[in-house]
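We count residues from 1, following the sequence as given. As a basis for the values below, the full set of heavy atoms in this structure was taken, side chains included, without hydrogen atoms, waters or symmetry mates.
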Amino acid sequence: MAAAAAAAFGALGALQASRARLVPAWCRRLGLGLGLPGSVTSMRAGPAMWAQRWAPAAGGAVLKRGYSSEVNAENELRVRYLEEENRGADLKERVKMHSSEVGPFVSKIRAVVNDIANLPVPTIAAIDGLALGGGLELALACDIRVAASCAKMGLVETKLAIIPGAGGTQRLPRAIGMSLAKELIFSARVLDGQEAKAIGLISHVLEQNKEGDAAYRKALDLAREFLPQGPVAMRVAKLAINQGMEVDLVTGLAIEEACYAQTIPTKDRLEGLLAFKEKRPPRYKGE
């Protein structure tokens with residue numbers, strides 16, 4: 001599993017196993033290759049920037065030491081991206097790691113995954129290959145997951161006498177329910193796309209195509225559906241849903257009310273009403 005993220009309010013980040021590509025507001029591919037070959041900057045994109053390094057390794061690719069999550073500018077989000085396969089942690093590197101290094105190492109991975117989860121824009125995980133361990137935890141941090149039927153995914157850490165450390169024990173139960181999440185983590189079971197769809201782990205399952213990017217193409221289709229909507233509305237809708245799921249219904253409704261209030265004074269709301277009256281597509285500016 002590899003990583004990418006959105007570059008503007010209402011933009012979509014596509015997270016694709018075997019190939020990680022950014023899906024920005026204009027839905028075009030930005031580049032391939034290792035070593036963080038490209039970046040995109042978009043104004044009014046949110047309060048945080050995240051970046052990470054990857055490197056090929058035997059048995060897959062892994063996040064290498066060196067992560068960042070910082071504010072680049074108050075209204076700018078920069079996303080760096082790459083293409084590589086990630087089957088989870090590089091176990092050869094872990095063997096060489098001193099026990100005192102493990103905790104801080106995992107904490108940095110957890111921080112990066114949390115940054116993805118907290119992005120103020122919709123994110124999509126497109127799984128066309130393997131998403132095991134940390135790869136699935138990265139996908140679980142995204143808003144929507146789609147996968148090819150041949151994809152393989154699972155939280156397999158208990159096979160190594162450890163547990164998921166980048167949010168898997170918390171996000172998997174929230175996605176599929178506590179009992180089933182416990183079963184999958186206790187057994188270290190690996191699911192294919194059809195099995196993942198059956199339990200609600202992913203939203204869509206696709207037959208793989210010759211290019212090996214069926215899930216990525218589906219992510220693009222979803223992105224094109226999302227992109228015409230009001231950017232501010234997309235941001236606060238995500239906030240209302242995410243925060244509301246952590247509290248009781250009464251509190252959740254209060255969160256919804258507060259989030260709705262943020263859309264009332266916007267120029268986009270007036271533009272939406274005017275466009276409806278004039279029977280034309282709205283021209284939203286995120287204001």
Side-chain angles (χ1 to χ4, degrees), residues 1-7 10-34 37-38 40 52 54 56 59-63 79-88 113 116-117 119 121-156 168 171-172 175-176 184 189-229:
M1 174 65 58
L12 280 299
L15 173 62
Q16 180 181 17
S18 298
R19 296 177 184 84
R21 302 185 180 99
L22 178 66
V23 186
W26 50 92
C27 289
R28 72 179 256 225
R29 299 183 191 183
L30 294 180
L32 306 176
L34 292 174
V40 60
Q52 55 190 6
W54 294 68
V62 62
L63 282 164
V79 181
R80 300 192 176 192
Y81 60 94
L82 53 100
E83 175 176 281
E84 183 48 53
E85 182 173 330
N86 173 25
R87 299 171 184 175
V113 173
I116 295 171
L119 283 171
V121 292
T123 52
I124 300 171
I127 307 168
D128 277 308
L130 299 175
L132 304 177
L136 181 55
E137 288 180 296
L138 201 55
L140 284 166
C142 292
D143 299 310
I144 298 167
R145 290 167 293 281
V146 299
S149 57
C150 61
K152 301 295 182 183
M153 61 204 86
L155 296 180
V156 297
R171 292 191 176 98
L172 186 63
I176 64 173
L184 294 181
R189 187 179 306 156
V190 175
L191 306 176
D192 62 26
Q194 295 288 355
E195 293 169 325
K197 176 64 168 65
I199 64 171
L201 180 57
I202 61 175
S203 300
H204 302 275
V205 60
L206 301 308
E207 290 299 320
Q208 190 57 281
N209 56 29
K210 292 187 297 183
E211 292 78 15
D213 64 353
Y216 174 66
R217 292 176 183 272
K218 179 62 177 179
L220 285 176
D221 290 340
L222 290 172
R224 294 185 182 104
E225 285 189 62
F226 298 165
L227 292 173
Q229 320 313 327

All side chain to side chain contact (heavy atoms under 4.5 Å, CB included) counterparts of Ser203, not counting sequence neighbours: Ile144
Shortest non-hydrogen separation from Gly193 to Met153 and the atoms involved: CA-CE, 4.2 Å
Interatomic distance, Lys152 atom NZ to Leu130 atom CG [nearest 0.5 angstrom]: 9.0 Å
Residues Asp221, Arg224: salt bridge by 4.0 Å N-O rule: yes
Non-hydrogen atoms of Ala219 and Ala126 that approach each other most closely: CB-CB, 4.0 Å
Pairwise salt bridge (charged side-chain N to carboxylate O under 4.0 Å, His left out) hits with a residue in residues 137-147, at least two apart: Asp143-Lys238
Closest approach of Ala175 to Leu140 (non-hydrogen atoms, all atoms of both residues): CB-CD2, 4.2 Å
Distance-minimising heavy-atom pair for Leu191 and Glu195: CA-OE1, 3.3 Å
Non-neighbouring partners of Gln208 that pass side chain to side chain contact (heavy atoms under 4.5 Å, CB included), sequence neighbours left out: Asp128, Ala148, Cys150, Ala214
Taking every non-hydrogen atom, the tightest pair across Glu211 and Arg217: CG-NH2, 4.3 Å
Pairwise distance CG(Leu138) to CZ(Arg171) - rounded to 0.5 angstrom: 9.5 Å
Distance in Å, Leu220 CG paired with Ile124 CD1, rounded so as to fall on 0.5 Å steps: 8.0 Å
Exercise: identify the closest heavy-atom pair between Phe226 and Pro122: CD1-CB, 4.4 Å
Min side-chain heavy-atom separation Leu184-Ile199 under 4.5 Å: yes
